[in-house]
Amino acid sequence: MTLLLRLVRFAFGSGALGISLLAILALLGFAVPALDVLNHLQVVLFAGTLVSLVAIAPLMGRGNWRRFVLAATATGLLASAVTVVPEAIAAFAPRPPVPTDGRTVVKMMTHNLFGMNYDMQRVADVVFAEDPDILALQEYFGQQSSALGPLLHARYPYSAYCHGGKRANIALYSKIPFTQTQDNACPENAYGHQRTAHILAKFTLADGTTFSVLTTHLDWPAPKIMRQEEQFASLRDTILNTPGPLVVAGDFNSTSWSYTQRNFAREAKLRRETHAVMTFPMRFWILGWRDTWPPFLPLDQVMTRDLTVHDLHSGPRTGSDHLPIIFTFSVPKT
C-alpha cells in the first residue's frame with residue numbers, strides 16, 4: 001500500500017508540475033511565438049493548476065517533494081492568472097447604454113457555420129429569431145450557400161460572397177445597402193487556392209452616417225505559426241488603410257488570451273470587444289459528429305474602431321461547432 005501511495009503521489013506531482021510548466025511557458029509567449037500557442041489553452045491551464053494546488057494538501061505527503069510541487073504549482077497558477085483574470089474582468093465590464101440622441105443602432109451577427117453542418121433551415125431559424133441587420137458567415141461552402149442563400153434573400157437583399165481555398169469561403173448579408181471594396185481579397189473561384197479571404201464593405205445609414213465592416217476567417221496558429229502571423233499582418237495593413245468607423249468580425253482561430261491576437265488589435269488600432277466569449281468547440285468527432293460540453297475556446301472575435309458596442313453575447317446552437325456572436329452598436333454622428 002505504501003508503494004502504491006508513493007506512485008500515486010509521484011504521478012499526481014508530475015502531472016501538476018507538467019501543467020504548471022506549460023502555464024509558465026505560455027506567459028513567455030510574448031518573446032517566443034511558438035509558446036504563444038499554449039495561451040489558446042488557458043482555460044485548461046488555469047483550471048488544471050488551480051485544481052492541482054487545492055489537491056496538494058490532501059494528496060501529497062510531507063517533505064521536499066511536496067514543497068517543490070506546491071511552489072511550482074502556485075507559480076503556474078499565478079502565471080496563468082496574469083493572462084486569464086484581466087480578460088475575465090473585462091468580459092463583465094458594463095457597456096454603454098443605447099443612445100437616446102436619435103442615432104441608429106445596428107445589430108450584427110458573426111458565425112462560423114461549420115463545413116459539415118448541412119441543416120441550413122436550423123441556421124436560418126436562428127438568424128430570423130435574432131434578426132440582425134448584418135450577418136457575417138464563415139465556412140460558407142457551396143452546399144451551405146445553395147441551401148441558405150435562398151432562405152435569406154428576401155430579408156437580406158444585399159450580399160457579398162468569397163469562394164476560394166480552405167478558409168476563404170465567407171459571406172456578408174445585410175438589410176442595409178453597402179458597397180464592397182474590391183481589393184483582390186475576395187476570390188470568386190470556388191476551387192481556388194487562396195487560403196483566406198476578407199470582405200470589406202462600406203455602409204451608409206439613412207441619416208448619412210457611414211461605417212465599414214470587415215469579416216474574415218484565419219488559419220489556426222499550429223502547425224504553421226508564421227502563416228497565421230502573415231495573415232494578421234496583411235489584415236492589419238488593410239485595416240490601417242480603411243478610414244472611418246469600422247467593425248472587424250469573424251473566426252480568427254486565435255483566442256483573446258493570445259499575445260498575437262492582442263498585439264494585432266493594438267497595432268491595427270482596434271478595440272477588442274470579445275473578452276473570453278467562449279464559442280468553440282460545440283461538436284467533436286467520436287464515431288460521428290456529436291454535441292459536446294460547453295465551449296472553452298474564444299476563437300470568434302469582434303473588434304471596433306470609432307463606434308460604440310452596447311451589447312455583445314454568444315447566440316444559440318445552430319448545429320455548427322461554433323456558437324454565433326451577436327452584438328449591437330452605434331456610430332457617432334459626424
Side-chain angles (χ1 to χ4, degrees), residues 103-113 120-164 167-190 196-217 235 238-239 241-251 300 302-307 309-312 315 318 320 324-331 333-334:
R103 275 183 285 171
T104 301
V105 175
V106 180
K107 187 175 185 180
M108 181 170 171
M109 174 190 289
T110 179
H111 187 29
N112 181 319
L113 292 181
M120 293 298 101
Q121 184 61 59
R122 181 179 179 183
V123 174
D125 290 342
V126 171
V127 171
F128 295 153
E130 296 293 338
D131 197 28
D133 300 298
I134 302 171
L135 173 65
L137 299 174
Q138 302 88 42
E139 287 200 30
Y140 193 53
F141 295 98
Q143 189 165 350
Q144 282 90 352
S145 174
S146 60
L148 183 59
L151 298 176
L152 298 177
H153 179 71
R155 193 174 298 194
Y156 297 92
Y158 308 101
S159 60
Y161 308 88
C162 301
H163 298 290
R167 309 196 190 280
N169 298 277
I170 58 178
L172 195 67
Y173 286 89
S174 176
K175 299 177 183 179
I176 307 167
F178 65 82
T179 302
Q180 183 181 357
T181 300
Q182 301 298 337
D183 57 359
N184 299 318
C186 184
E188 297 180 353
N189 179 7
T196 63
H198 68 250
I199 296 173
L200 178 59
K202 184 175 182 179
F203 293 78
T204 302
L205 300 176
D207 61 4
T209 303
T210 62
F211 65 93
S212 298
V213 169
L214 186 150
T215 186
T216 191
H217 185 188
L235 199 60
T238 298
I239 291 168
N241 288 315
T242 301
L246 175 67
V247 174
V248 178
D251 179 0
D300 301 273
V302 174
M303 291 162 278
T304 65
R305 183 182 67 207
D306 296 338
L307 51 78
V309 173
H310 305 288
D311 176 71
L312 186 148
T318 66
S320 171
I325 292 180
I326 301 149
F327 58 102
T328 59
F329 64 91
S330 63
V331 185
K333 291 184 178 181
T334 56

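Worth saying up front: this structure is predicted, and the values here are computed from it rather than measured. Here, residue 1 is the first one in the sequence, and each next residue gets the next number.
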Say whether [X] and [Y], considering side chains only, have a donor N or O and an acceptor N or O under 3.5 Å apart.
{"X": "Thr181", "Y": "Asp183", "result": "no"}
{"X": "Thr216", "Y": "Gln138", "result": "no"}
{"X": "His111", "Y": "Asp251", "result": "no"}
{"X": "Thr196", "Y": "His217", "result": "no"}

Side chain to side chain contact (heavy atoms under 4.5 Å, CB included) involving Ala160 - partner list, sequence neighbours excluded: Phe178, Gln180, Ile199
Non-hydrogen side-chain atoms of Glu130 and Lys107 separated by less than 4.5 Å: yes
Any side-chain heavy-atom pair of Val248 and Ile239 under 4.5 Å: yes
Lys/Arg N to Asp/Glu carboxylate O, Arg155 vs Asp133, below 4.0 Å: no
CD1 on Ile134 to OG on Ser174, rounded to 0.5 Å: 4.5 Å
side-chain hydrogen bond (donor to acceptor under 3.5 Å, both in side chains) partners of Tyr173, counting only residues at least two apart: Tyr140, Tyr161
Check: Lys202 main-chain N/O paired with Ser212 side-chain donor or acceptor under 3.5 Å: no
Test item: Ser330 side-chain N/O and Thr104 main-chain N/O as donor-acceptor pair under 3.5 Å: no
